Participant: 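Have a look at the structure that comes next, please.
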There are 2 protein chains.
Amino acid sequence: MADRLTPRAREIVAAARDLLEESGPDRLTMRTLADRLGIKAPSLYKHFPDKHAVEVELVVQLLTETAEVLETAEAGAPGSLEALAGAYRGYALAHPHLYCLGTERPLPRTELPAGLEDRAALPLLRVCAGDTDLARAVWAFAHGMVVLEIHGRFPADAELDAAWKRGLRALHP
Amino acid sequence: MADRLTPRAREIVAAARDLLEESGPDRLTMRTLADRLGIKAPSLYKHFPDKHAVEVELVVQLLTETAEVLETAEAGAPGSLEALAGAYRGYALAHPHLYCLGTERPLPRTELPAGLEDRAALPLLRVCAGDTDLARAVWAFAHGMVVLEIHGRFPADAELDAAWKRGLRALHP
DNA sequence: CCGTGAGGCTAACGGCGTTAGCCAGCCTGG
DNA sequence: CCAGGCTGGCTAACGCCGTTAGCCTCACGG
(Lines give C-alpha, C1' and ligand atoms only; values in the text may rest on other atoms or scores of the structure.)
Protein backbone atom coordinates (compact mmCIF):
# COMPACT_ATOMS: atom_id res chain seq x y z
CA MET A 1 0.00 0.00 0.00
CA ALA A 2 2.94 2.30 0.63
CA ASP A 3 4.43 1.86 -2.83
CA ARG A 4 1.11 1.31 -4.49
CA LEU A 5 1.24 4.79 -5.97
CA THR A 6 3.84 7.43 -6.73
CA PRO A 7 3.63 10.64 -4.70
CA ARG A 8 2.17 12.53 -7.63
CA ALA A 9 -0.43 9.83 -8.22
CA ARG A 10 -1.42 10.13 -4.57
CA GLU A 11 -1.91 13.87 -5.00
CA ILE A 12 -4.16 13.17 -7.96
CA VAL A 13 -6.23 10.67 -6.01
CA ALA A 14 -6.53 13.14 -3.13
CA ALA A 15 -7.80 15.82 -5.50
CA ALA A 16 -10.19 13.33 -7.07
CA ARG A 17 -11.57 12.46 -3.68
CA ASP A 18 -12.09 16.11 -2.76
CA LEU A 19 -13.85 16.69 -6.03
CA LEU A 20 -16.06 13.65 -5.63
CA GLU A 21 -17.05 14.36 -2.06
CA GLU A 22 -17.68 18.04 -2.68
CA SER A 23 -19.51 17.88 -5.95
CA GLY A 24 -20.53 14.33 -6.71
CA PRO A 25 -19.64 11.91 -9.46
CA ASP A 26 -20.87 14.09 -12.31
CA ARG A 27 -18.18 16.64 -11.64
CA LEU A 28 -15.45 14.05 -11.20
CA THR A 29 -14.14 14.62 -14.67
CA MET A 30 -10.66 14.21 -16.04
CA ARG A 31 -10.75 17.86 -17.06
CA THR A 32 -12.00 19.30 -13.78
CA LEU A 33 -9.64 16.99 -11.90
CA ALA A 34 -6.72 18.29 -13.93
CA ASP A 35 -7.92 21.85 -13.43
CA ARG A 36 -7.85 21.43 -9.69
CA LEU A 37 -4.25 20.26 -9.94
CA GLY A 38 -3.27 23.10 -12.25
CA ILE A 39 -2.51 20.81 -15.17
CA LYS A 40 -4.28 19.71 -18.35
CA ALA A 41 -6.38 16.59 -18.62
CA PRO A 42 -4.07 14.58 -20.91
CA SER A 43 -1.26 14.91 -18.36
CA LEU A 44 -3.24 12.73 -15.98
CA TYR A 45 -2.59 9.83 -18.30
CA LYS A 46 1.09 9.97 -17.38
CA HIS A 47 0.02 8.75 -13.94
CA PHE A 48 -3.04 6.57 -14.55
CA PRO A 49 -3.97 4.52 -17.58
CA ASP A 50 -7.57 5.72 -17.50
CA LYS A 51 -10.25 7.24 -15.31
CA HIS A 52 -11.26 3.86 -14.00
CA ALA A 53 -7.85 3.40 -12.40
CA VAL A 54 -8.34 6.63 -10.45
CA GLU A 55 -11.74 5.44 -9.29
CA VAL A 56 -10.27 2.14 -8.19
CA GLU A 57 -7.98 4.03 -5.82
CA LEU A 58 -11.02 5.77 -4.37
CA VAL A 59 -12.64 2.39 -3.83
CA VAL A 60 -9.46 1.28 -2.07
CA GLN A 61 -9.79 4.28 0.24
CA LEU A 62 -13.42 3.45 0.92
CA LEU A 63 -12.68 -0.16 1.79
CA THR A 64 -9.67 0.72 3.90
CA GLU A 65 -11.48 3.37 5.88
CA THR A 66 -14.53 1.17 6.30
CA ALA A 67 -12.31 -1.55 7.72
CA GLU A 68 -10.67 0.94 10.07
CA VAL A 69 -13.95 2.38 11.25
CA LEU A 70 -15.40 -1.07 11.92
CA GLU A 71 -12.27 -2.26 13.69
CA THR A 72 -12.32 0.79 15.93
CA ALA A 73 -15.98 0.30 16.74
CA GLU A 74 -15.37 -3.33 17.52
CA ALA A 75 -12.46 -2.49 19.79
CA GLY A 76 -14.61 0.00 21.69
CA ALA A 77 -17.55 -2.35 22.17
CA PRO A 78 -16.60 -5.94 21.47
CA GLY A 79 -19.44 -8.13 20.32
CA SER A 80 -21.83 -5.25 19.81
CA LEU A 81 -23.62 -5.30 16.47
CA GLU A 82 -25.21 -1.96 17.28
CA ALA A 83 -21.79 -0.35 17.60
CA LEU A 84 -20.70 -1.82 14.29
CA ALA A 85 -23.88 -0.75 12.55
CA GLY A 86 -23.69 2.76 13.97
CA ALA A 87 -20.12 3.12 12.78
CA TYR A 88 -20.98 1.80 9.33
CA ARG A 89 -23.95 4.10 8.95
CA GLY A 90 -22.06 7.11 10.25
CA TYR A 91 -19.14 6.59 7.91
CA ALA A 92 -21.32 5.97 4.87
CA LEU A 93 -23.50 9.01 5.46
CA ALA A 94 -20.44 11.17 6.04
CA HIS A 95 -19.12 10.18 2.59
CA PRO A 96 -22.18 9.45 0.50
CA HIS A 97 -20.66 10.01 -2.94
CA LEU A 98 -17.63 7.89 -2.12
CA TYR A 99 -19.85 5.21 -0.65
CA CYS A 100 -21.97 5.02 -3.78
CA LEU A 101 -19.00 5.11 -6.11
CA GLY A 102 -17.50 2.12 -4.35
CA THR A 103 -20.68 0.24 -3.90
CA GLU A 104 -22.98 0.62 -6.88
CA ARG A 105 -20.93 -1.30 -9.39
CA PRO A 106 -18.99 -4.54 -9.53
CA LEU A 107 -15.93 -4.63 -7.30
CA PRO A 108 -12.69 -4.45 -9.32
CA ARG A 109 -11.36 -7.31 -7.23
CA THR A 110 -8.28 -8.06 -9.31
CA GLU A 111 -7.10 -4.47 -8.94
CA LEU A 112 -7.50 -4.32 -5.16
CA PRO A 113 -4.81 -4.96 -2.57
CA ALA A 114 -4.92 -8.57 -1.48
CA GLY A 115 -7.01 -9.20 1.59
CA LEU A 116 -8.62 -5.77 1.73
CA GLU A 117 -12.13 -6.96 0.93
CA ASP A 118 -11.90 -9.69 3.57
CA ARG A 119 -10.49 -7.29 6.14
CA ALA A 120 -13.49 -4.98 5.74
CA ALA A 121 -15.84 -7.92 6.20
CA LEU A 122 -14.17 -9.50 9.21
CA PRO A 123 -15.52 -7.41 12.10
CA LEU A 124 -19.08 -8.17 11.09
CA LEU A 125 -18.31 -11.82 10.62
CA ARG A 126 -16.79 -11.91 14.11
CA VAL A 127 -19.80 -10.29 15.72
CA CYS A 128 -21.96 -12.86 13.93
CA ALA A 129 -19.82 -15.59 15.45
CA GLY A 130 -18.85 -16.93 12.06
CA ASP A 131 -22.42 -17.33 10.80
CA THR A 132 -21.81 -16.19 7.23
CA ASP A 133 -25.47 -16.31 6.24
CA LEU A 134 -26.36 -14.02 9.10
CA ALA A 135 -23.42 -11.74 8.34
CA ARG A 136 -24.55 -11.42 4.74
CA ALA A 137 -28.10 -10.69 5.81
CA VAL A 138 -26.93 -8.00 8.22
CA TRP A 139 -24.67 -6.51 5.60
CA ALA A 140 -27.51 -6.41 3.08
CA PHE A 141 -29.74 -4.75 5.65
CA ALA A 142 -27.15 -2.12 6.53
CA HIS A 143 -26.25 -1.45 2.92
CA GLY A 144 -29.91 -1.20 1.97
CA MET A 145 -30.66 1.23 4.76
CA VAL A 146 -27.69 3.40 3.84
CA VAL A 147 -28.27 3.59 0.10
CA LEU A 148 -32.00 4.10 0.43
CA GLU A 149 -31.33 6.92 2.86
CA ILE A 150 -28.63 8.47 0.67
CA HIS A 151 -30.93 8.47 -2.33
CA GLY A 152 -33.84 9.91 -0.41
CA ARG A 153 -35.94 6.82 -0.96
CA PHE A 154 -37.59 6.81 2.42
CA PRO A 155 -40.41 9.26 3.11
CA ALA A 156 -39.08 12.54 4.41
CA ASP A 157 -40.63 11.95 7.81
CA ALA A 158 -39.42 8.37 8.19
CA GLU A 159 -37.96 7.51 11.58
CA LEU A 160 -34.85 5.81 10.33
CA ASP A 161 -33.30 5.33 13.76
CA ALA A 162 -36.33 3.25 14.65
CA ALA A 163 -36.07 1.19 11.47
CA TRP A 164 -32.38 0.54 12.16
CA LYS A 165 -33.13 -0.53 15.72
CA ARG A 166 -35.98 -2.72 14.56
CA GLY A 167 -33.85 -4.47 11.99
CA LEU A 168 -30.83 -4.93 14.22
CA ARG A 169 -32.90 -6.23 17.10
CA ALA A 170 -34.51 -8.80 14.83
CA LEU A 171 -31.26 -9.88 13.25
CA HIS A 172 -29.20 -10.07 16.43
CA PRO A 173 -31.39 -10.66 19.45
CA MET B 1 -51.78 6.25 -17.05
CA ALA B 2 -53.67 5.66 -20.27
CA ASP B 3 -53.22 9.20 -21.56
CA ARG B 4 -49.91 9.69 -19.82
CA LEU B 5 -48.10 9.30 -23.12
CA THR B 6 -48.88 9.56 -26.80
CA PRO B 7 -48.68 6.32 -28.79
CA ARG B 8 -45.41 7.35 -30.37
CA ALA B 9 -43.95 8.22 -26.98
CA ARG B 10 -44.92 4.78 -25.76
CA GLU B 11 -43.06 3.20 -28.66
CA ILE B 12 -40.00 5.20 -27.72
CA VAL B 13 -40.20 4.08 -24.11
CA ALA B 14 -40.62 0.47 -25.21
CA ALA B 15 -37.51 0.72 -27.37
CA ALA B 16 -35.65 2.38 -24.51
CA ARG B 17 -36.59 -0.45 -22.23
CA ASP B 18 -35.45 -3.09 -24.69
CA LEU B 19 -32.17 -1.29 -25.12
CA LEU B 20 -31.66 -0.93 -21.39
CA GLU B 21 -32.48 -4.49 -20.53
CA GLU B 22 -30.45 -5.94 -23.38
CA SER B 23 -27.36 -3.82 -23.17
CA GLY B 24 -27.32 -1.86 -19.94
CA PRO B 25 -27.44 1.83 -19.15
CA ASP B 26 -24.26 2.71 -21.04
CA ARG B 27 -25.89 1.87 -24.33
CA LEU B 28 -29.13 3.64 -23.49
CA THR B 29 -28.18 6.65 -25.52
CA MET B 30 -30.36 9.12 -27.34
CA ARG B 31 -28.56 8.19 -30.55
CA THR B 32 -28.80 4.43 -30.21
CA LEU B 33 -32.37 4.77 -29.05
CA ALA B 34 -33.20 6.80 -32.14
CA ASP B 35 -31.32 4.30 -34.31
CA ARG B 36 -33.44 1.48 -33.02
CA LEU B 37 -36.54 3.44 -33.98
CA GLY B 38 -35.20 4.31 -37.40
CA ILE B 39 -35.03 8.03 -36.70
CA LYS B 40 -32.36 10.54 -35.71
CA ALA B 41 -31.61 11.54 -32.15
CA PRO B 42 -32.93 15.11 -32.29
CA SER B 43 -36.34 13.82 -33.34
CA LEU B 44 -36.73 12.24 -29.92
CA TYR B 45 -37.03 15.72 -28.50
CA LYS B 46 -40.35 16.12 -30.28
CA HIS B 47 -41.70 13.57 -27.82
CA PHE B 48 -39.69 14.06 -24.64
CA PRO B 49 -38.05 17.19 -23.27
CA ASP B 50 -34.87 15.34 -22.39
CA LYS B 51 -33.37 11.95 -21.68
CA HIS B 52 -34.37 12.15 -18.05
CA ALA B 53 -38.03 12.19 -19.01
CA VAL B 54 -37.59 8.92 -20.88
CA GLU B 55 -35.89 7.39 -17.87
CA VAL B 56 -38.72 8.54 -15.64
CA GLU B 57 -41.12 6.48 -17.74
CA LEU B 58 -38.89 3.46 -17.23
CA VAL B 59 -39.01 4.08 -13.49
CA VAL B 60 -42.81 4.22 -13.74
CA GLN B 61 -42.74 0.82 -15.43
CA LEU B 62 -40.49 -0.56 -12.71
CA LEU B 63 -42.72 0.68 -9.92
CA THR B 64 -45.90 -0.46 -11.64
CA GLU B 65 -44.61 -3.93 -12.36
CA THR B 66 -43.15 -4.25 -8.88
CA ALA B 67 -46.52 -3.40 -7.44
CA GLU B 68 -48.22 -5.95 -9.71
CA VAL B 69 -45.75 -8.68 -8.89
CA LEU B 70 -46.10 -8.09 -5.17
CA GLU B 71 -49.87 -7.94 -5.33
CA THR B 72 -49.96 -11.21 -7.22
CA ALA B 73 -47.66 -12.88 -4.72
CA GLU B 74 -49.76 -11.61 -1.86
CA ALA B 75 -52.93 -12.88 -3.47
CA GLY B 76 -51.38 -16.30 -3.89
CA ALA B 77 -50.08 -16.58 -0.33
CA PRO B 78 -51.69 -14.00 1.92
CA GLY B 79 -49.57 -12.97 4.88
CA SER B 80 -46.45 -14.72 3.63
CA LEU B 81 -43.34 -12.56 3.71
CA GLU B 82 -41.40 -15.32 2.00
CA ALA B 83 -43.72 -15.20 -0.98
CA LEU B 84 -43.36 -11.43 -1.19
CA ALA B 85 -39.60 -11.58 -0.89
CA GLY B 86 -39.32 -14.31 -3.47
CA ALA B 87 -41.40 -12.32 -5.91
CA TYR B 88 -39.38 -9.18 -5.29
CA ARG B 89 -36.08 -10.94 -5.74
CA GLY B 90 -37.24 -12.79 -8.81
CA TYR B 91 -38.52 -9.67 -10.52
CA ALA B 92 -35.44 -7.61 -9.69
CA LEU B 93 -33.00 -10.26 -10.90
CA ALA B 94 -35.02 -10.73 -14.08
CA HIS B 95 -34.62 -7.00 -14.84
CA PRO B 96 -31.36 -5.98 -13.22
CA HIS B 97 -30.62 -2.93 -15.36
CA LEU B 98 -34.13 -1.60 -14.97
CA TYR B 99 -34.02 -2.26 -11.25
CA CYS B 100 -30.79 -0.33 -10.83
CA LEU B 101 -31.93 2.51 -13.04
CA GLY B 102 -35.00 2.99 -10.90
CA THR B 103 -33.34 2.46 -7.62
CA GLU B 104 -29.86 3.94 -7.54
CA ARG B 105 -30.85 7.58 -7.67
CA PRO B 106 -33.39 9.87 -6.06
CA LEU B 107 -36.99 9.12 -6.98
CA PRO B 108 -38.44 11.75 -9.32
CA ARG B 109 -41.50 11.84 -7.11
CA THR B 110 -43.11 14.92 -8.63
CA GLU B 111 -43.04 13.31 -12.08
CA LEU B 112 -44.62 10.03 -10.99
CA PRO B 113 -48.30 9.11 -11.19
CA ALA B 114 -49.97 9.90 -7.89
CA GLY B 115 -50.10 6.98 -5.51
CA LEU B 116 -47.76 4.71 -7.44
CA GLU B 117 -44.99 4.76 -4.87
CA ASP B 118 -47.43 3.96 -2.08
CA ARG B 119 -49.05 1.20 -4.09
CA ALA B 120 -45.72 -0.56 -4.54
CA ALA B 121 -45.09 -0.33 -0.80
CA LEU B 122 -48.48 -1.50 0.40
CA PRO B 123 -48.20 -5.29 0.15
CA LEU B 124 -45.12 -5.30 2.33
CA LEU B 125 -46.72 -2.95 4.80
CA ARG B 126 -49.74 -5.26 5.02
CA VAL B 127 -47.63 -8.34 5.66
CA CYS B 128 -45.88 -6.38 8.39
CA ALA B 129 -49.25 -5.62 9.93
CA GLY B 130 -48.72 -1.90 9.63
CA ASP B 131 -45.39 -1.86 11.46
CA THR B 132 -43.65 0.73 9.28
CA ASP B 133 -40.30 0.38 11.00
CA LEU B 134 -40.30 -3.33 10.34
CA ALA B 135 -41.47 -2.81 6.78
CA ARG B 136 -38.60 -0.40 6.14
CA ALA B 137 -36.11 -2.80 7.65
CA VAL B 138 -37.38 -5.64 5.48
CA TRP B 139 -37.33 -3.43 2.42
CA ALA B 140 -33.75 -2.38 3.14
CA PHE B 141 -32.75 -6.01 3.60
CA ALA B 142 -34.38 -7.10 0.36
CA HIS B 143 -33.01 -4.17 -1.59
CA GLY B 144 -29.55 -4.72 -0.16
CA MET B 145 -29.60 -8.41 -1.03
CA VAL B 146 -30.73 -7.68 -4.57
CA VAL B 147 -28.28 -4.91 -5.42
CA LEU B 148 -25.34 -6.67 -3.82
CA GLU B 149 -26.18 -9.76 -5.83
CA ILE B 150 -26.67 -7.80 -9.05
CA HIS B 151 -23.31 -6.11 -8.66
CA GLY B 152 -21.52 -9.32 -7.84
CA ARG B 153 -20.61 -8.13 -4.38
CA PHE B 154 -21.05 -11.42 -2.64
CA PRO B 155 -18.37 -14.08 -3.00
CA ALA B 156 -18.99 -16.23 -6.05
CA ASP B 157 -19.71 -19.26 -3.88
CA ALA B 158 -22.06 -17.49 -1.47
CA GLU B 159 -25.25 -19.35 -0.64
CA LEU B 160 -27.62 -16.50 -1.18
CA ASP B 161 -30.76 -18.55 -0.70
CA ALA B 162 -29.53 -19.32 2.79
CA ALA B 163 -28.78 -15.67 3.51
CA TRP B 164 -32.25 -14.70 2.32
CA LYS B 165 -33.85 -17.34 4.52
CA ARG B 166 -31.73 -16.33 7.46
CA GLY B 167 -32.67 -12.69 7.13
CA LEU B 168 -36.36 -13.30 6.53
CA ARG B 169 -36.64 -15.74 9.40
CA ALA B 170 -35.07 -13.21 11.74
CA LEU B 171 -37.19 -10.32 10.55
CA HIS B 172 -40.51 -12.15 10.48
CA PRO B 173 -40.53 -15.04 12.88
C1' DC C 1 28.08 16.17 -22.34
C1' DC C 2 24.88 13.54 -23.84
C1' DG C 3 20.77 10.43 -23.34
C1' DT C 4 16.90 9.30 -21.24
C1' DG C 5 12.84 9.28 -18.70
C1' DA C 6 9.41 12.00 -16.19
C1' DG C 7 5.91 15.02 -16.65
C1' DG C 8 4.09 18.64 -18.69
C1' DC C 9 1.75 20.61 -23.26
C1' DT C 10 -1.53 21.25 -27.73
C1' DA C 11 -4.42 19.34 -31.17
C1' DA C 12 -7.58 16.26 -32.26
C1' DC C 13 -11.04 12.23 -32.46
C1' DG C 14 -15.34 10.11 -31.68
C1' DG C 15 -19.31 9.94 -28.71
C1' DC C 16 -22.51 12.16 -25.57
C1' DG C 17 -26.95 15.29 -24.64
C1' DT C 18 -28.98 18.99 -26.58
C1' DT C 19 -30.49 23.21 -29.53
C1' DA C 20 -31.69 25.80 -33.68
C1' DG C 21 -33.75 25.93 -37.66
C1' DC C 22 -35.67 23.84 -41.78
C1' DC C 23 -39.16 21.03 -44.30
C1' DA C 24 -42.81 17.56 -45.75
C1' DG C 25 -47.25 15.99 -45.14
C1' DC C 26 -51.69 15.98 -43.14
C1' DC C 27 -55.91 17.88 -41.06
C1' DT C 28 -59.01 21.39 -40.56
C1' DG C 29 -61.73 25.69 -41.06
C1' DG C 30 -63.24 29.21 -44.06
C1' DC D 1 -60.63 23.90 -52.58
C1' DC D 2 -57.13 25.68 -50.64
C1' DA D 3 -54.55 28.13 -46.58
C1' DG D 4 -52.66 27.57 -42.40
C1' DG D 5 -50.82 25.31 -38.75
C1' DC D 6 -49.46 21.23 -36.28
C1' DT D 7 -46.79 16.81 -36.18
C1' DG D 8 -42.77 14.67 -36.64
C1' DG D 9 -39.13 14.10 -39.22
C1' DC D 10 -34.29 16.14 -40.82
C1' DT D 11 -29.20 18.44 -40.80
C1' DA D 12 -25.77 21.19 -38.62
C1' DA D 13 -23.75 22.49 -34.78
C1' DC D 14 -22.31 23.40 -29.77
C1' DG D 15 -20.00 22.22 -25.61
C1' DC D 16 -18.86 18.58 -22.83
C1' DC D 17 -16.76 13.90 -22.10
C1' DG D 18 -12.70 10.24 -22.12
C1' DT D 19 -8.79 9.40 -24.60
C1' DT D 20 -4.69 9.34 -28.06
C1' DA D 21 -0.76 11.09 -30.64
C1' DG D 22 2.98 13.58 -30.70
C1' DC D 23 5.91 17.26 -29.08
C1' DC D 24 8.85 19.78 -25.64
C1' DT D 25 11.50 20.79 -21.41
C1' DC D 26 14.19 19.69 -17.81
C1' DA D 27 16.75 17.03 -14.21
C1' DC D 28 19.86 13.50 -13.61
C1' DG D 29 23.12 9.66 -14.22
C1' DG D 30 26.88 7.37 -17.17
Side-chain angles (χ1 to χ4, degrees), chain A residues 2-60 97-98 100-102 104-106 108 110-111, chain B residues 2-60 97-98 100-102 104-106 108 110-111:
Chain A
D3 57 343
R4 187 177 165 81
L5 296 176
T6 66
R8 187 55 167 151
R10 263 191 291 270
E11 289 178 27
I12 293 173
V13 172
R17 174 152 180 183
D18 289 347
L19 209 47
L20 174 68
E21 299 217 14
E22 286 168 19
S23 312
D26 290 351
R27 290 200 54 85
L28 180 51
T29 276
M30 294 304 264
R31 283 175 171 85
T32 61
L33 175 55
D35 266 5
R36 173 155 308 209
L37 291 155
I39 62 179
K40 304 296 178 181
S43 304
L44 295 170
Y45 292 82
K46 299 290 182 176
H47 305 277
F48 291 93
D50 49 30
K51 187 185 181 184
H52 177 252
V54 179
E55 293 175 339
V56 165
E57 294 308 315
L58 296 178
V59 175
V60 170
H97 293 307
L98 182 62
C100 289
L101 179 80
E104 290 184 340
R105 68 196 67 195
T110 61
E111 303 158 64
Chain B
D3 57 343
R4 184 177 167 82
L5 296 175
T6 67
R8 187 56 168 150
R10 262 191 291 272
E11 290 178 25
I12 293 173
V13 172
R17 173 151 181 185
D18 288 349
L19 210 46
L20 175 68
E21 300 216 14
E22 287 167 18
S23 312
D26 290 352
R27 289 200 55 86
L28 180 51
T29 277
M30 295 303 264
R31 284 172 170 88
T32 61
L33 175 55
D35 265 5
R36 173 155 309 208
L37 291 155
I39 62 178
K40 303 296 179 181
S43 303
L44 294 170
Y45 292 81
K46 299 290 182 176
H47 305 277
F48 292 92
D50 50 30
K51 186 185 181 184
H52 177 252
V54 180
E55 293 175 339
V56 166
E57 294 309 316
L58 296 178
V59 175
V60 170
H97 293 305
L98 181 63
C100 290
L101 179 80
E104 292 184 339
R105 65 197 70 194
T110 61
E111 303 157 64

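A quick note: this is a predicted structure, and the numbers were derived from the prediction, not measured. A, B, ... follow the sequence lines: proteins, then strands. Residue 1 opens every chain.
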Participant: To the nearest Å, give me how far apart CG (A:Asp26) and C1' (C:dC16) are.
Facilitator: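 Value for this atom pair: 13 Å.
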Participant: Which value, rounded to the nearest 0.5 Å, describes the distance between A:Lys40 atom NZ and A:Tyr45 atom OH?
Facilitator: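 One gets 15.5 Å once the value is rounded to the nearest 0.5 Å.
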Participant: List the atom of B:Leu101, the atom of B:Val59, and the distance in Å for their closest heavy-atom pair.
Facilitator: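 Scanning both residues, the minimum pair turns out to be O-CG2, 4.4 Å.
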Participant: Which part of the nucleic acid does B:Thr29 contact within heavy-atom distance under 4.0 Å: base, sugar-phosphate only, or nothing?
Facilitator: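 Sugar-phosphate: the residue B:Thr29, judged by heavy atoms under 4.0 Å, touches backbone atoms but no base.
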Participant: Under 4.0 Å between a side-chain N or O of B:Ser43 and OP1 or OP2 of D:dG8?
Facilitator: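 Checking D:dG8 against B:Ser43, no side-chain N or O comes under 4.0 Å of OP1 or OP2.
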Participant: To the nearest Å, how far apart are A:Tyr45 OH and C:dA6 C1'?
Facilitator: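 The answer, rounded to whole Å, is 19 Å.
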Participant: B:Asp35 CG to D:dC10 C1': how many Å, rounded?
Facilitator: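 These atoms are roughly 14 Å apart.
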Participant: Measuring from the side chain of B:Ile39 (C-beta onward, heavy atoms only), which nucleotide among C:dG8, C:dT10, D:dC10 has the closest atom?
Facilitator: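 Shortest atom-to-atom distance from the side chain points to D:dC10.
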Participant: Exactly one of B:Arg17, B:Arg27, B:Arg36 should register a salt bridge (charged side-chain N to carboxylate O under 4.0 Å, His left out) with B:Glu22. Which one does?
Facilitator: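 Of B:Arg17, B:Arg27, B:Arg36, salt bridge (charged side-chain N to carboxylate O under 4.0 Å, His left out) with B:Glu22 is met by B:Arg36 alone.
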Participant: Do any N or O atoms from the side chain of B:Arg10 and from the backbone of B:Leu5 form a donor-acceptor pair under 3.5 angstrom?
Facilitator: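 Yes, the answer is positive, given that a donor and an acceptor are paired below the 3.5 Å cut-off.
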Participant: Assign each of A:Lys46 and A:Thr32 to its nearest nucleotide of DNA chain D by heavy atoms, then name whichever residue's nucleotide is nearer the 5' end.
Facilitator: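 Upstream on the strand: A:Thr32.
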Participant: Has A:His47 got a side-chain N or O lying under 4.0 Å from the OP1 or OP2 atom of C:dG8?
Facilitator: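 Result: yes.
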Participant: Just to be sure I understand the rule, does B:Arg8 reach a base, reach only the sugar-phosphate, or reach nothing, if contact means heavy atoms closer than 4.0 Å?
Facilitator: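 Contact class for B:Arg8: sugar-phosphate only.
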Participant: Check this for me: does the side-chain of A:Arg31 come within 3.5 Å of the base of D:dG18 through a donor and an acceptor?
Facilitator: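 Answer is yes: a donor-acceptor pair is held.
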Participant: Mind calculating the distance between CZ (B:Phe48) and C1' (D:dG8) to the nearest angstrom?
Facilitator: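 So the CZ-C1' distance, B:Phe48 to D:dG8, works out to 14 Å.
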Participant: Taking CD1 from B:Ile12 and P from C:dG17, how many angstroms apart are they, rounded to a whole number?
Facilitator: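 Distance check: B:Ile12 CD1 to C:dG17 P gives 14 Å.
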Participant: Whole-Å distance between C:dT18 P and B:Lys40 NZ?
Facilitator: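 So the two atoms are 19 Å apart, to the nearest Å.
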Participant: What integer distance in Å separates A:Met30:CE from C:dC16:C1'?
Facilitator: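 Result: 17 Å.
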Participant: Using only atom types and a distance under 3.5 Å, with no angle test, would you say the side chain of B:Thr29 pairs donor to acceptor with the backbone of B:Thr32?
Facilitator: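 Not at all, since once roles are kept as given, no pair shorter than 3.5 Å links the two residues.
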Participant: Measure the distance from CG on B:Asp50 to P on C:dA20 and round it to the nearest whole Å.
Facilitator: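 Checked: the CG to P distance equals 14 Å.
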Participant: Has the side chain of B:Lys51 got a donor or acceptor that lies under 3.5 Å from a partner of the other kind on the base of C:dG17?
Facilitator: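 Under the 3.5 Å cut-off, the side chain and the base do not form any donor-acceptor pair.
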